[in-house]
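Presented below is the structure to which this report refers.
Owing to the predicted nature of the structure, the values given are computational and were not obtained by experimental measurement. Sequence lines set the chain letters: A, B, ... in the order given, protein chains first and strands last, and positions in each chain run from 1. Heavy-atom basis, side chains included; hydrogens, waters and symmetry copies ignored.
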There are 2 protein chains.
Amino acid sequence: MKLEQATIKDIARELNLSASTVSRALKNYPGISSETKRKVKAMAEKLNYRPNAIALSLRHSRSFTIGVIIPEVVHFFFSTVISGIEEEAFSRGYNVILTQTNEKLIREKSSIDTMLSNQIDGVLISYSKETTEFGHFSSLLEKGFPIVFFDRVPEIPKAITVTVDDFGGAYSATKHLLNQGFSRIVHLAGPPNLKISQERLRGYQAALRDHGIEPDPAWVVPCFLGTDQEAQQVTTKLLHSLPQRPDGIFSHNDMTAVGAMMACKAAGLRVPQDVGIVGFSNWQFCSMVDPTLSSVYQPGFEMGVKSTALLLDWIEKKFKPEEADKSVILDTELIVRKSSVR
Amino acid sequence: MKLEQATIKDIARELNLSASTVSRALKNYPGISSETKRKVKAMAEKLNYRPNAIALSLRHSRSFTIGVIIPEVVHFFFSTVISGIEEEAFSRGYNVILTQTNEKLIREKSSIDTMLSNQIDGVLISYSKETTEFGHFSSLLEKGFPIVFFDRVPEIPKAITVTVDDFGGAYSATKHLLNQGFSRIVHLAGPPNLKISQERLRGYQAALRDHGIEPDPAWVVPCFLGTDQEAQQVTTKLLHSLPQRPDGIFSHNDMTAVGAMMACKAAGLRVPQDVGIVGFSNWQFCSMVDPTLSSVYQPGFEMGVKSTALLLDWIEKKFKPEEADKSVILDTELIVRKSSVR
DNA sequence: TTGTACGCGTTATCAC
DNA sequence: GTGATAACGCGTACAA
C-alpha cells in the first residue's frame, strides 16, 4: 500500500478551481479572494494535504537537503557534531542526509555519488582514514559545488574548513603534564595523513621544547587504529622497551588514553602518582573511568552548527568562497581530572 | 554556483538523438543499435552524466529513501543500530535520512511530517521518552504506510516491531547476581512508559521470585533520565535510606550502572566484594571502567539490519503486514565481567 | 531502430 | 480574481 498523498490537483477538483488558484491561495498570494483562500485551506486541511517536496526540488533544482559524510557515528565526538548540524539545518529549513564511510575511501566516493544523484545542495565532510588524495573533492570544488570540511580537513586550495585548535589543545595538555612534574612524556599518535594528528603531535613537541626538552622520536608511538585494545598492547610494550620508563602519556584520543591507563594499572603502576595521563576529545566516559581521565574538550556541537552555517550561507549565496577565507578554528579546553594531577 | 548536472537532454542534443533513445540506450533496452548504445554511453561518461534521483522519485512516486527517527545519536546503542540500518539499506539501493528527536515528542511529529513531504517510502522509529500516545503512528499505519518500530516499540495494533529479549536479559542478569550470592538486589528502573523498561523490570522481578524472594517495590528506584549523575545521586541516597543496605544493583542501562558504581566506591564500598553490579546494553566503556562492568549485550547492528530488512520487504510488497506476525525478538547475552563476580 | 507525446506535482508567466 | 500553459528530468505507451 502506498500512502495516497492529496495533491493540489485533488483540492482543485474538489472545489472546482484550477490548480494555480489553489497554489496561490495556499501561499497567501495577493489577488485571491479571502473566501477562496478560506475554502482552499479548509479543504487542504480536510484532505491532509502536504506539499510534495520532491516536486518542489525538481522545479527549483534545489532539494533543500544537505549531505553529511563522516567516518563513523559510533564516535561520541561525531555524534555531537551531528546534533549541531541537525540543529542548524532544521532551523533553516534544510533536511540532512547522513552516511558513514566506516573509514573506507570507496564508501566515501560512492556516498558522494548517490548524494549528487539526489541533488543535495551541498555537503559536509570529515574524510576517512584511508583518504590520502582528494581528487573527488577538488573536482567538485572547482565546479563551485559547496563543500565544507570539518575536523578532518584536507589541505587543498579553496577548501573551507572548520576545525578545533588541535595544536593548542595538545600544547596545553602536554604543558599541564610538565607542570605537574611529569617529564618523560610519550605521545600515542594518530594516523599521520590526518591533519589533526599532525597538529596534535606538533603541539606536544612544541610544549616539550618550550620546557627545554628536545622531543625524542622514539617517544612518539603510533596508535593508528585508535582503539583501547591497541593502546593497551602498545603501552605495555612501551613500558619495558624504553631506556627510561615514561611517566606521562598524552594520547591523541580518549579510547587510547584509557587503553594506556589500563596497561599502566596492569603493570602495577599507579595513575596519576606514577604515570600522568591526558586524552583528547573529552568523551562521556572520561568522568566514569577510575581515575577520572583528564582530556582536551572539543566543541563538537558548536563545530556542527558552525560548519552548517557556513555551508548554508554559501548555498544561499550569502558569501562567495573566493572572496575571503571563511575557515574557522574553534577553541579547545583542557579539562583537568584526576589522571594527571599528583 | 549550482552544479550544472548533465541531463539526458544534453546527451541527446550532442548526438542529435531524441531523449527517449538516450534513455533507452543507457538502460540497455533491446531494440537499440549497439552502435548507438556505445555512442550514448561514451557521451554520458564524457559529460559526467548522473541520473537525477529527484526526477525518478517524482515519476515513480517512490523515493527509494527511508526515514529513521531515533531519540539520540550519542547513544552508543543507537549508533550501532544506525550502522546496521545503513548497511542493509545501501545494499538494497535505498538512501537513509536520519533525524533525532532529542527525546521530544514535538520533534518526533515534525520529523515525520517533513519526511512524508519528502516522500519517503517507509520509516523506522524508536520513539521518544515523552511519547505516551501513538496517534501520529497509528493514523499512518491505518493508511498502510510502512513503519517498523525498533527497540522502543509501542503496543498498538498492526505494529511491526523488532526488539531484544529485554525480559530474558534482565532475568539472567538478576539470576547471575543471585547465583553469586547477592540477595538484596535493587533495580534502577527506566521510564515506565517504555516497554523495554517494563520488561527489564519484569525480568528482574521474575528472577527474584524464582529464587524465592518476593520483590519489594521499595527496591525499585526510578532513574528516568538515565544519566550517570542521576544514578550516582539516587544510589548514594539509597545506600542509607533502605532498612538493609543493598548488596546488588541491576540497572536498566550502563550509564546508570556506572553512576551506581561510582556512588558505591565513594561510599567506601568495594565492587564486587560488597556490592555486585550489572548494567544493560554493553556499551563500549564497560570494559574500560574499574572494575569492568558486567552487562547485557544487545545486538544493535543486527537489530538495524533486521528492522530495515522487514521494512524494505514490506515496501517492496514481499509480505503483507496483516498476513502474519513478522515481529522479531533478538537474543541478548549476559557479558560477565568483574563488577558482579566475587 | 528511433521519435513523439504525456505525466509525475508544483509554480511562474501570461492571458482573460 | 482566476485559468491555461509550460517547465523541471525521466520513462514509457504508442506511432512511425
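On the nucleic acid side, DNA chain D has its first and last nucleotide under 4.0 Å of a heavy atom of chain A at D:dG1 to D:dG9, going 5' to 3'.
Position along DNA chain D of the nearest nucleotide to A:A55 versus A:P30 favours A:P30 as the more 5'-ward residue.
We find that CD1 of B:I8 is positioned 16 Å from C1' of C:dA5, with the value rounded to whole Å. Going from atom CG of B:L58 over to atom C1' of C:dG7 covers 9 Å, rounded to whole Å. Across the protein-nucleic acid pair, B:I32 atom CD1 and C:dG3 atom C1' stand 10 Å apart, rounded to whole Å. Atoms CG (A:N28) and P (C:dT11) sit 13 Å apart, rounded to a whole Å.
Proximity of B:S20 to the phosphate of C:dG3: no side-chain N or O atom is located under 4.0 Å from OP1 or OP2. Checking the phosphate oxygens (OP1, OP2) of C:dT10, a side-chain nitrogen or oxygen of A:Y49 falls inside 4.0 Å. Close to C:dC8, at under 4.0 Å from its OP1 or OP2, lies a side-chain N or O of A:K9. Look at B:T21 and you'll find a side-chain N or O under 4.0 angstrom from OP1 or OP2 of C:dG3. Look at A:K27 and you'll find a side-chain N or O under 4.0 angstrom from OP1 or OP2 of C:dT11.
Contacts of A:N16 with the nucleic acid, taken as non-hydrogen atoms under 4.0 Å apart, involve only primed sugar atoms and P, OP1 or OP2. Residue B:L56 is classed as a sugar-phosphate contact, given heavy-atom separations below 4.0 Å to backbone atoms only. Within the 4.0 angstrom heavy-atom criterion, only backbone atoms of the sugar-phosphate kind lie near A:L17; the bases stay farther away. Within 4.0 Å (heavy atoms only), B:T36 reaches sugar-phosphate atoms of the nucleic acid but no base atom.
A 6.0 Å sphere centred on CD1 of A:I156 holds more than 12 heavy atoms belonging to other residues, nucleotides or ligands.
By the 30° and 60° cut-offs, the orientation of the rings of B:F78 relative to B:F150 is perpendicular. Classification of the B:F149-B:F137 ring pair by plane angle, with boundaries at 30° and 60°, yields perpendicular.
Here the OG1 atom belonging to A:T131 is positioned 13.0 Å from the CZ atom belonging to A:R107, to the nearest 0.5 angstrom.
On a pure distance criterion of 3.5 Å, a polar donor-acceptor pair joins the side chain of B:R24 and the base of C:dG3.
For the pairing with A:M303, the side chain to side chain contact (heavy atoms under 4.5 Å, CB included) check across A:V328, A:I85, A:T80, A:V164 returns one residue only, A:V164.
For the residue pair B:Y49 and B:I8, the shortest heavy atom distance occurs at OH-CG1, 3.4 Å.
B:F90 does not carry B:R92 over the face of its six-membered ring by the limits of under 6.0 Å from the centre and within 45° of the normal.
Between B:E45 and B:K39 there is no salt bridge, since no side-chain nitrogen of the basic residue lies less than 4.0 Å from a carboxylate oxygen of the acidic one.
Axis deviation across the helix from C:dT1-D:dA16 to C:dC16-D:dG1 amounts to 60°, comparing end segments of five pairs, rounded to 10 degrees.
Ring centroids of A:F134 and A:Y127 are separated by less than 6.0 Å, placing the two rings close together.
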